Each structure stands twice: as structure tokens, then as C-alpha cells.
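Here is the structure we will look at, set down as C-alpha cells.
Below, read A as the first sequence line, B as the second, and so on, with proteins coming before strands; counting in each chain starts at 1. Because the structure is a prediction, the values reported are computed rather than measured.
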Amino acid sequence: MPHHSRNRDQADQRLRATVDSLPTGRVATYGQIATEAGLPGRARRVGQLLANLETDSDLCWHRVLGAGGQISLPRERPAWHEQRARLLAEGVECDDRGRVDLERYGWRPDE
DNA sequence: CCGCTGACGTGCG
DNA sequence: CCGCACGCCAGCG
């Protein structure tokens, strides 16, 4: 197994772990997850990771939002509604346009 | 190597 | 507040 390939898996592992650390009822941005996992500036990579999740994955992908607190999926995709429903289900207010108040629900490490 | 695409982010008008 | 250009990074053909 090539070295760079291992690093990639390792990075993905850290990203997953970071997403995993999000408490119920709290949300974080893609960029925040990346930075927290030691990959500043790699927000798109977080998006890729989540986009490639298996449908049966346990990862709480719904707690990850775009900068500003918006659902980043295309509105027309079923997953958009799924994400909003999951957020509402755990008490996170999310308006009909998919926006969440980060001041209120944003996750900040160490609390 | 090139171009296209996407669950990103930021700056600007 | 919204759209848009641009920078960015990875994967794919």
C-alpha cells in the first residue's frame, strides 16, 4: 500500500472522528470539521467524504452545514429533506430554507 | 495533461 | 441578503 494512500485514509479517519464528536443538537461547518481534524482549508474534502458515505453509515452527517449555517445539499435532493428532518428531530431549529443559527446551535470545542 | 464537477469558503457588488 | 466569480481540492473520463 502506497504511503500517500495511507495518509489519505488516516485523514479520512480523523475527519470521521471529528464529525463523530459532534454532540446531539449541535452543528458544525465543513470548514470547521476540516480545521478541527488538522486539515485547514480542506472543507471540500469533508463534503466529498460525506457524499461518499454508504447509505447505512452511522456517521451523523446531518450535523455538518455549509459556512453560515446552511444545508449545503441541492434543495431538490431527498437528502436535503432528510438532513432538515434529522436536525429538527434532535431539536435544532432549521427554517424552510435550510438555515440554522450558528450562534445558537453551532458547535464549539471544549465546552 | 485537460476539463468537468461537486454536500466548500470568501469577497464583492 | 442574494447571486456570482474565483480560489481551492479530489475524483473521474
Side-chain angles (χ1 to χ4, degrees):
Chain A
M1 194 62 113
H3 179 262
H4 62 277
S5 181
R6 266 196 330 226
N7 288 330
R8 187 192 43 123
D9 293 339
Q10 215 168 51
D12 284 344
Q13 190 43 46
R14 285 202 306 279
L15 289 173
R16 281 203 187 76
T18 305
V19 173
D20 240 354
S21 71
L22 294 176
T24 302
R26 295 264 126 189
V27 299
T29 66
Y30 295 86
Q32 191 178 6
I33 296 296
T35 298
E36 201 63 29
L39 297 173
R42 299 289 192 299
R44 291 197 93 131
R45 181 145 175 201
V46 178
Q48 264 190 194
L49 177 69
L50 300 189
N52 293 326
L53 286 179
E54 324 263 329
T55 48
D56 60 11
S57 173
D58 293 336
L59 206 64
C60 293
W61 55 272
H62 64 279
R63 301 191 184 129
V64 187
L65 304 169
Q70 254 203 327
I71 291 182
S72 193
L73 287 132
R75 192 81 177 262
E76 60 273 18
R77 307 235 327 247
W80 185 94
H81 300 278
E82 174 66 19
Q83 180 163 21
R84 179 162 185 268
R86 288 197 191 191
L87 288 171
L88 294 176
E90 60 183 48
V92 175
E93 289 177 72
C94 180
D95 66 26
D96 52 17
R97 291 204 295 176
R99 294 181 311 197
V100 172
D101 181 5
L102 292 181
E103 288 297 308
R104 189 161 173 195
Y105 299 103
W107 173 64
R108 24 205 184 273
D110 312 330
E111 228 177 285

Between [X] and [Y], is any pair of side-chain heavy atoms under 4.5 Å apart?
X: A:Asp12; Y: A:Arg45; result: yes
X: A:Val27; Y: A:Leu22; result: no
X: A:Leu87; Y: A:Tyr105; result: no
X: A:Val46; Y: A:Leu39; result: no
X: A:Thr29; Y: A:Leu102; result: yes

Could you state the atom-to-atom distance from [atom1] of [X] to [atom2] of [N] in whole Å?
X: A:Tyr30; N: B:dG6; atom1: OH; atom2: C1'; result: 11 Å
X: A:Leu65; N: B:dG9; atom1: CG; atom2: C1'; result: 14 Å
X: A:Gln70; N: C:dC1; atom1: CD; atom2: P; result: 10 Å
X: A:Arg97; N: C:dC1; atom1: CZ; atom2: P; result: 8 Å
X: A:Leu59; N: B:dA7; atom1: CG; atom2: P; result: 16 Å
X: A:Asp9; N: C:dA10; atom1: CG; atom2: P; result: 14 Å
X: A:Leu39; N: C:dA10; atom1: CG; atom2: C1'; result: 13 Å

* To do: Remember a base hit wins even if backbone is also touched, and classify A:Arg75 as base, sugar-phosphate or nothing at under 4.0 Å, heavy atoms.
  => nothing
* Checking all strands, does A:Trp61 fall into the base, sugar-phosphate, or nothing category for heavy-atom contacts under 4.0 angstrom? -> base
* Asked: With no hydrogens and no angle check, is any side-chain donor or acceptor of A:Gln32 less than 3.5 Å from a backbone partner on A:Leu65?
  -> no
* Structure fact -> Quick note, A:Arg42 side chain, CB onward, closest among B:dA7, B:dG9, C:dA10 is C:dA10
* Compare the minimum distances between each of C:dC8, C:dC1, B:dA7 and the side chain of A:Arg44, then state the nucleotide with the smallest one. => C:dC8
* Provide the distance between the two P atoms, one in B:dC12 and one in C:dC8, to the nearest whole Å. => 15 Å
* A:Arg45 vs B:dA7: side-chain N/O to OP1/OP2 distance below 4.0 Å -> no
* Hey, does the side chain of A:Arg77 come within less than 4.0 Å of B:dA7's phosphate (OP1/OP2), counting only N and O? -> yes
* Asked: For DNA chain B, which residues in residues 47-58 of chain A have a heavy atom at a distance below 4.0 Å?
  -> A:Gly47, A:Gln48, A:Leu50, A:Ala51
Can you give me the N/O atom pairs linking the protein to nucleotides 11-13 of chain B at distances under 3.5 Å, or say none if there are none?
none

* **Separation between CZ of A:Arg99 and CD of A:Glu93, rounded to the nearest 0.5 Å** => 13.0 Å
* Test: A:Arg86 and A:Glu82 ion pair at under 4.0 Å -> yes
* Residue pair A:Val19 / A:Cys60: nearest heavy atoms and the distance that separates them -> CG1-O, 3.7 Å
